[in-house]
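By convention here, the first residue in the shown sequence is residue 1.
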Amino acid sequence: MSPRVPDEKIEEIRKSVDIVDLISEYVQLKKQGRNYVGLCPFHGEKTPSFSVSPDKQLYHCFGCGAGGNAFSFMMETENISFIEAVVKLADRSGVALPEIEQEPVARSESEKASRIWYDGHSLAAKLYHHVLTSTDEGKAAREYLRKRGFTKEAIDTFQIGYAPNSWDFLTSFLQKRNFPMKEMVACGLVSVREFDQKPFDRFRDRIMFPIWNKQGEIIAFGGRVLKEGNPKYLNSPESTVFNKGETLYFFHKARQTIRKKNEAVLFEGYVDVISAWRAGIENGVAALGTALTETQTKLLRRVTDQVILCYDPDNAGQNATYKNARLLEKAGIRVRVAQLPDGYDPDEFIQKQGAERFNQDIIGRSLTLMGFKSLFFRRGKNLQDEGQRMDYIHQMLKEISSLTRAVERDHYLRQISEEFSISLDALKQEQRQIYRERVGKEKRDNFRMPSTDVPVKRQKKLLPAHENAERFLLAHMLQNQSAAAQIQERVGGTFNIDEYQAIAAHLYSFYAEGNEPNPSYFIERLSDNKLQRIATEIAMMTINGDLLEQELEDCIRQIKNYPKKQEIERLRLSRKQAEEAENYHEAAIIGMQIIKLEQALKNG
């Protein structure tokens with residue numbers, strides 16, 4: 001038998017979890033009327049279509065159709081089973097559960113391998129951390145970190161460890177615990193010698209930095225060489241559980257602070273994140289490499305709409321800042337740029353100048369994106385040279401023309417006018433010309449674009465009257481037991497849409513068992529995922545007060561008339577076929593039947 005939690009415990013957990021608080025840990029939500037809205041975590045979007053109802057304790061995305069309650073949100077977000085979601089939410093809300101003896105769940109081979117990889121990385125992290133903090137072998141690494149300003153709290157929080165200078169330290173440890181070496185090689189913890197395929201430790205004499213996925217599971221390591229050697233940093237290879245372009249370092253811990261502050265600080269690497277954390281910046285994350293990806297951008301956009309970029313001041317760092325800023329801006333994120341003095345990276349600045357100066361002078365005085373671009377376009381240019389000066393002004397006018405707010409455009413145009421003694425009217429004229437050229441090019445590109453390349457946005461189609469009527473009745477049934485009794489008596493099972501008929505039948509049974517109206521609990525009882533989604537969407541509908549008699553009559557009429565309308569359409573087709581076959585007698589008989597049905601519709 002499958003593990004089971006008593007219904008009363010599930011209900012206790014459901015009542016103890018506020019769905020808005022839960023989802024806010026994953027999605028940046030904003031109050032809109034009685035509900036909260038945000039960007040859907042289950043599909044990419046720029047305009048919020050994800051709605052959360054605190055009254056009904058439900059969520060629904062009007063873009064992709066995802067919906068449900070706290071349990072289904074955890075299941076979809078974390079990719080876990082119902083029982084695992086129950087356990088997680090119980091632990092979160094402090095509800096004590098009876099001991100659950102779970103039977104092994106049937107998993108695919110890839111899922112089994114992934115689980116072994118997660119377990120292998122978790123065990124390796126604990127071993128490396130123990131060596132660093134509690135053994136003589138880790139003494140040199142401890143001393144090195146101490147000199148770099150790493151506190152015990154930081155080492156513990158980030159689970160930093162040390163891999164000894166041994167070829168089989170981790171390998172033999174994993175073998176003794178029956179970890180299959182084939183899987184340990186595949187996930188990058190272990191390598192094999194080419195000439196005899198014997199396994200050996202991939203990381204040796206390195207300070208180890210665990211890398212987590214967004215669920216907080218260790219999926220890879222970054223290893224910094226302790227003494228001399230190349231490469232200076234060695235990372236785990238990419239695998240089915242570790243994709244560099246989909247991972248933001250420390251996101252699993254920083255997410256909550258990012259959401260609360262509505263701001264993330266994006267660094268180049270994990271050492272910068274750790275140093276910034278020691279300086280009190282708990283909303284810092286890093287892309288694993290300077291180039292940000294669209295996936296990482298979407299991850300940030302779901303929890304904040306403002307990012308401060310804090311990269312090295314060298315050419316590579318500034319080029320990455322410009323490129324990543326454009327990507328973030330395109331995703332609808334406001335960007336500011338923290339400027340470090342030449343010769344410093346964030347870690348070095350904090351070590352030499354202190355946390356307070358870093359917070360006040362670097363993060364606290366971050367530039368607007370246009371302020372950064374103004375400095376960026378000057379790099380390598382001699383503005384005393386007329387040609388280079390004109391190039392710079394043209395670049396700035398292109399950027400200004402993309403600004404949506406007239407006040408911003410005017411502000412930056414006046415700055416250029418004053419700095420270079422150029423007529424403001426001339427600058428405005430040139431900026432408008434650049435804008436017209438850009439818009440014209442975009443229109444031409446869109447016209448030439450094949451239709452298959454145009455992203456299709458899910459549009460809410462207008463529903464026929466009978467379907468709207470059935471949805472309206474179901475919405476009242478979900479909220480009101482007496483309305484459900486009325487509808488059961490007057491409509492019964494004569495809903496025309498199969499899924500609506502099924503939901504109605506479940507609701508009649510739900511109330512017959514003595515349950516009170518509770519959309520979240522009712523939806524949890526539906527075993528069919530499609531029915532759950534439809535019921536959630538209907539439950540999120542806004543309805544006013546009790547079901548009025550006239551509303552009920554109108555809905556019943558629409559529901560009962562629909563089969564007649566369908567029959568009329570069928571007869572019209574038959575009449576047309578009879579006329580085409582020159583069987584005018586049969587066509588006349590069918591015509592009379594159509595007239596009778598149309599009259600019945602009028603009277604009905």
Side-chain angles (χ1 to χ4, degrees), residues 39 44 46 188 209-214 219-224 230-252 254-255 258 263-276 281 283-340 342 344-349 362-363 366-370 372-373 375-377 379-380 395 398-399 402:
L39 295 173
K46 291 183 182 178
F209 299 90
I211 297 167
W212 301 265
N213 62 16
K214 62 183 178 182
I219 53 174
F221 286 98
R224 188 200 187 284
N230 285 309
K232 184 178 178 182
Y233 285 97
L234 177 66
N235 292 326
S236 296
E238 294 201 347
S239 65
T240 55
V241 299
F242 173 49
N243 185 316
K244 196 163 64 172
E246 295 178 358
T247 307
L248 286 170
Y249 179 73
F250 205 56
F251 182 77
H252 70 298
R255 176 170 53 199
I258 291 170
E263 180 184 270
V265 184
L266 187 63
F267 296 98
E268 283 189 46
Y270 31 79
V271 172
D272 293 334
V273 172
I274 297 167
S275 295
I281 297 170
N283 55 332
V285 294
L288 301 171
T290 52
L292 200 64
T293 67
E294 284 192 19
T295 303
Q296 290 167 328
T297 302
K298 287 173 183 174
L299 207 57
L300 287 168
R301 182 66 181 88
R302 285 171 189 154
V303 291
T304 185
D305 54 20
Q306 179 161 294
V307 169
I308 296 176
L309 290 168
C310 188
Y311 285 7
D312 292 356
D314 58 16
N315 282 331
Q318 295 303 287
N319 288 333
T321 298
Y322 178 70
K323 182 180 176 183
N324 293 344
R326 289 175 69 91
L327 189 63
L328 291 163
E329 195 177 27
K330 187 180 175 183
I333 295 175
R334 297 192 307 276
V335 180
R336 296 184 67 89
V337 179
Q339 288 288 96
L340 287 155
D342 287 342
Y344 283 97
D345 63 25
D347 176 51
E348 289 168 337
F349 189 94
I362 307 302
I363 301 301
S366 58
L367 301 173
T368 64
L369 184 54
M370 281 301 298
F372 162 74
K373 286 177 180 177
L375 295 177
F376 180 74
F377 292 139
R379 291 174 72 91
Q395 280 182 307
K398 281 175 69 176
E399 296 296 331
S402 67

Under the 3.5 angstrom rule, does the side chain of [X] hit a backbone N or O of [Y] as a donor-acceptor pair?
| X | Y | value |
| --- | --- | --- |
| R301 | A331 | yes |
| D312 | D314 | no |
| N324 | L292 | yes |
| Q318 | N315 | no |
| E268 | A287 | no |
| R336 | S366 | yes |
| E246 | N213 | no |

Exercise. Taking only residues two or more places apart in sequence or in another chain, which ones pass side-chain hydrogen bond (donor to acceptor under 3.5 Å, both in side chains) with S402?
Worked result: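 Not a single residue meets the side-chain hydrogen bond (donor to acceptor under 3.5 Å, both in side chains) criterion with S402.
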Exercise. Residues two or more places apart in sequence or in another chain: which of them pass salt bridge (charged side-chain N to carboxylate O under 4.0 Å, His left out) with K373?
Worked result: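 Partners of K373 under the salt bridge (charged side-chain N to carboxylate O under 4.0 Å, His left out) test: E329, E399.
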Which atom of [X] lies closest to which atom of [Y], heavy atoms considered:
| X | Y | answer |
| --- | --- | --- |
| F251 | V285 | CA-CG1, 3.8 Å |
| T295 | G245 | CB-O, 3.8 Å |
| I219 | V241 | CD1-O, 3.5 Å |
| T304 | I333 | O-CG1, 4.4 Å |
| P346 | F267 | CG-CD2, 3.9 Å |
| G222 | I211 | N-CD1, 3.9 Å |

For residues [X] and [Y], determine if any side-chain heavy atom of one lies less than 4.5 Å from a side-chain heavy atom of the other.
| X | Y | result |
| --- | --- | --- |
| Q339 | L375 | yes |
| F376 | V337 | no |
| I363 | I308 | yes |
| R334 | D305 | yes |
| K214 | H252 | no |

Problem set entry | Intermediate values then yes/no, side chain to side chain donor-acceptor pair (under 3.5 Å), D272 and Y311 | CA-CA 9 Å; D272 293 334; Y311 285 7; over 6 Å; no
For this session: Fit a plane to each ring of F372 and Y322, take the angle between them on a 0 to 90° scale, and name the class: parallel (under 30°), tilted (30 to 60°) or perpendicular (over 60°).
Result: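 The arrangement is tilted - the two ring planes meet at 30° to 60°.
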For this session: Report the C-alpha distance between L340 and C310 in whole Å, list the side-chain angles of each, state the deciding distance to 0.1 Å, and finish with yes or no for side chain to side chain contact (heavy atoms under 4.5 Å, CB included).
Result: CA-CA 8 Å; L340 287 155; C310 188; 4.2 Å; yes
For this session: For F221, check ring pair (Phe, Tyr, Trp, His ring centres under 6.0 Å) against everything at least two apart and list the hits.
Result: H121, Y128
Exercise. Going through the distances and angles, do R255 and N283 end up as a side chain to side chain donor-acceptor pair (under 3.5 Å)?
Worked result: CA-CA 7 Å; R255 176 170 53 199; N283 55 332; over 6 Å; no
Problem set entry | W212-Y249 aromatic ring centre distance below 6.0 Å | yes
Exercise. Between CD of Q296 and CG of L328, what distance do you get to the nearest 0.5 Å?
Worked result: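 These two atoms lie 10.0 Å from each other.
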For this session: Give a yes or no on whether R326 atom CZ has more than 12 heavy-atom contacts from other residues, nucleotides or ligands under 6.0 Å away.
Result: no
